[in-house]
Protein chains: 2
Amino acid sequence: MSLKYGMLGLLSKWEATGYDIKKEFDDFMSIFWHTHLSQIYPELSKLEKEKLIESKMIPQNGKPDKKLYSITDAGRKELYQWLEAPSETPNVKDSFLMQTFFMDNLSLEDVLFQLKHYQKQREARLEKLKQTLYEQWQMIKEKNEFSTRLLMSSAVLKRGLDQEEEYILWCKRTIEFVESLEYLWNLEESNDCATINEVEEAFYRYFEVEDLDELKN
Amino acid sequence: MSLKYGMLGLLSKWEATGYDIKKEFDDFMSIFWHTHLSQIYPELSKLEKEKLIESKMIPQNGKPDKKLYSITDAGRKELYQWLEAPSETPNVKDSFLMQTFFMDNLSLEDVLFQLKHYQKQREARLEKLKQTLYEQWQMIKEKNEFSTRLLMSSAVLKRGLDQEEEYILWCKRTIEFVESLEYLWNLEESNDCATINEVEEAFYRYFEVEDLDELKN
DNA sequence: GCTGACATGTAACCCGTTACATGATTCC
DNA sequence: GGAATCATGTAACGGGTTACATGTCAGC
């Protein structure tokens, strides 16, 4: 349902082709959404049928003709209504966390490998976002202007950066946590169980609390 | 694709009915996945056809008969293969961030309202997770045992808590950021633009950097 | 000569959601 | 009497992904 509004939102700023829209989704908007050209084109047709957007054909030389879409008043109204409506917290789908949840089935080495590998992936994403921030800020400095548009996109960019940084930090801390309780993997083989006292400290350190009651505020 | 492995993962620990599986997804596993009974039942049939799980009917008095599923050796193998495979970083879909991205279309009041409203939603989720952590820890203390199973589920729980805390913090900081640049909304009406100097400080404060070059490490 | 950017689409398929359908028991 | 819990499913629909299909031009 959000794809529709993402497209209306973009067309509320500029006229664009399906191809242009895809590039925005792949670039900055990839922080919060992604889609495919094969989804965009039918959706554009649908929105045009609903009179929320309209199009004109632009012939080009050396390149294929393109269909330039623009938003209508009805489309703007629809967009504003969605923007004002409170949005529910999305149901996350994080397959890496699902893997992690069942990783007690793996050997200690495999667990650590998976965590370190995933951390690297997240680090690569963080670098890309930092690059985006740098470019955006340079663009602002050149143009010497700052608008509410740039304010809100900076907020989204900050969220993207935070998210990556936090995931990386969690990977690091979880690696330490797992390593500090390494011996649990050996116990498992002998069908034995660790006692609480040996674990308590590592647990509190990992959760950054002093004791249990701290959670009850 | 991950639902399959979530179900296999659960059945690798206990025998369960479709109904039991749904409860797990609604409870702890909601940190990283969610699904519906109407998706679980057909998926169970499919997995049984593929010989990854098998079932037996359990007649009950006072309650409907139930179909208790258990994992097969082939199912275990399939699960372990998935666990060992590196997982790609998921493509996020965050409709609130999408809204935020286009919120320059709203009035300052509406922007602040949306941010504050969403923050409250996240705070409610955080409280629920803290409760889960408290309960899990109490259970561990009672049983006086700690296993790799509990270790990995603690890691996932920690990630859930961090995520909520970080989102809440981002909401707070973004509210401050928006408020500190309040006057941009008034400029917009007069088709004017703010100059860079007036904005630079607020921007650096929000992104927690000293200057631009700090991003280039 | 090949890859990638530009440009638009269709078709098949899979996954996920909502609605429909049934029926007993327990608790308020 | 009504809602919630236990328990299993089907059907319709909508959203998202992969594969297929076509064609030009620029740069390596």
Side-chain angles (χ1 to χ4, degrees), chain A residues 1-8 10 14-27 29-30 32-50 53 55-69 82 88-95 98, chain B residues 1-8 10 15-27 29-30 32-50 53 55-69 82 87-95 98:
Chain A
M1 202 67 285
S2 297
L3 174 66
K4 172 181 168 180
Y5 297 105
M7 287 166 57
L8 285 176
L10 281 178
W14 323 281
E15 298 188 319
T17 66
Y19 198 84
D20 294 334
I21 290 170
K22 170 64 170 148
K23 273 190 293 178
E24 291 296 319
F25 273 94
D26 283 347
D27 189 36
M29 291 169 82
S30 65
F32 55 80
W33 211 263
H34 77 112
T35 183
H36 301 263
L37 276 170
S38 55
Q39 203 183 0
I40 289 172
Y41 288 121
E43 190 67 29
L44 281 169
S45 305
K46 211 181 116 197
L47 291 177
E48 194 172 21
K49 241 179 254 161
E50 291 170 24
I53 59 175
S55 67
K56 52 187 174 204
M57 286 296 286
I58 310 280
Q60 296 185 115
N61 49 347
K63 285 179 193 173
D65 292 357
K66 63 181 184 180
K67 227 169 164 178
L68 200 65
Y69 286 92
W82 173 73
E88 337 77 74
T89 308
N91 292 308
V92 273
K93 300 221 161 174
D94 186 328
S95 56
M98 187 184 270
Chain B
M1 201 67 287
S2 297
L3 174 65
K4 172 182 168 180
Y5 297 104
M7 287 166 58
L8 285 177
L10 281 177
E15 298 187 319
T17 65
Y19 198 83
D20 295 334
I21 289 170
K22 170 65 171 147
K23 274 191 293 179
E24 291 296 319
F25 273 95
D26 283 347
D27 188 35
M29 291 168 83
S30 66
F32 55 80
W33 211 263
H34 77 113
T35 184
H36 301 262
L37 275 171
S38 56
Q39 201 183 2
I40 290 172
Y41 288 120
E43 190 67 28
L44 281 170
S45 304
K46 210 181 117 198
L47 292 176
E48 195 172 21
K49 239 179 256 162
E50 292 171 23
I53 59 175
S55 67
K56 52 186 172 203
M57 286 297 285
I58 309 282
Q60 294 185 115
N61 48 347
K63 284 179 193 171
D65 292 357
K66 64 181 185 181
K67 227 170 164 177
L68 200 64
Y69 287 92
W82 174 72
S87 82
E88 337 76 75
T89 308
N91 292 307
V92 273
K93 300 220 162 175
D94 186 329
S95 56
M98 188 184 270

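Throughout, a chain's letter reflects where its sequence line sits, starting with A, and its residues are numbered from 1.
Counting only heavy atoms from C-beta outward, the side chains of B/Lys4 and B/Lys46 never approach each other to under 4.5 Å. Side chains of B/Leu8 and B/Ile53 form a contact here, defined as non-hydrogen atoms less than 4.5 Å apart. B/Phe25 is not listed as a side-chain neighbour of B/Phe32, based on a closest heavy-atom distance of 4.5 Å or more. By the 4.5 Å heavy-atom criterion applied to side chains, B/Lys67 and B/Thr17 are not counted as neighbours. Side-chain contact between A/Tyr5 and A/Trp33 is absent, with no heavy-atom pair separated by less than 4.5 Å.
Contacts of B/Lys22 with the nucleic acid, taken as non-hydrogen atoms under 4.0 Å apart, are absent. Residue-level contact check: A/Lys4 touches neither bases nor backbone, having no heavy atom under 4.0 Å from any strand.
Protein atom NZ of A/Lys46 is 10 Å distant from nucleotide atom P of D/dG16, rounded to whole Å. Summarising the geometry, the separation between CG on B/Asn91 and P on D/dG15 is reported as 19 Å, rounded to the nearest angstrom. We find that CD of A/Glu43 is positioned 12 Å from P of D/dG14, with the value rounded to whole Å.
Contacts of A/Tyr69 classified as ring pair (Phe, Tyr, Trp, His ring centres under 6.0 Å), with partners at least two apart in sequence or in another chain: none.
The closest donor-acceptor contact from the side chain of A/Glu48 to the backbone of A/Ser55 lies under 3.5 Å.
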Any protein N or O atoms within reach of nucleotides 6-8 of chain D? Criterion: under 3.5 Å, listing atom names and distances.
from, atom 1, to, atom 2, distance (Å)
D/dC6, OP2, B/Tyr19, OH, 3.4
D/dA7, OP1, B/Gln60, OE1, 3.0
D/dA7, OP1, B/Gln60, NE2, 2.7
D/dT8, OP1, B/Lys67, N, 2.9
D/dT8, OP2, B/Tyr19, N, 3.3
D/dT8, OP2, B/Tyr41, OH, 2.9

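Between A/His36 and D/dT17 there is a side-chain polar atom (N or O) within less than 4.0 angstrom of OP1 or OP2.
With respect to the salt-bridge test (charged N to carboxylate O, under 4.0 angstrom), the residues B/Lys22 and B/Asp26 qualify.
First and last contacting nucleotides of DNA chain C toward chain A (any atom under 4.0 angstrom from a heavy atom, 5' to 3' order): C/dA5 to C/dG16.
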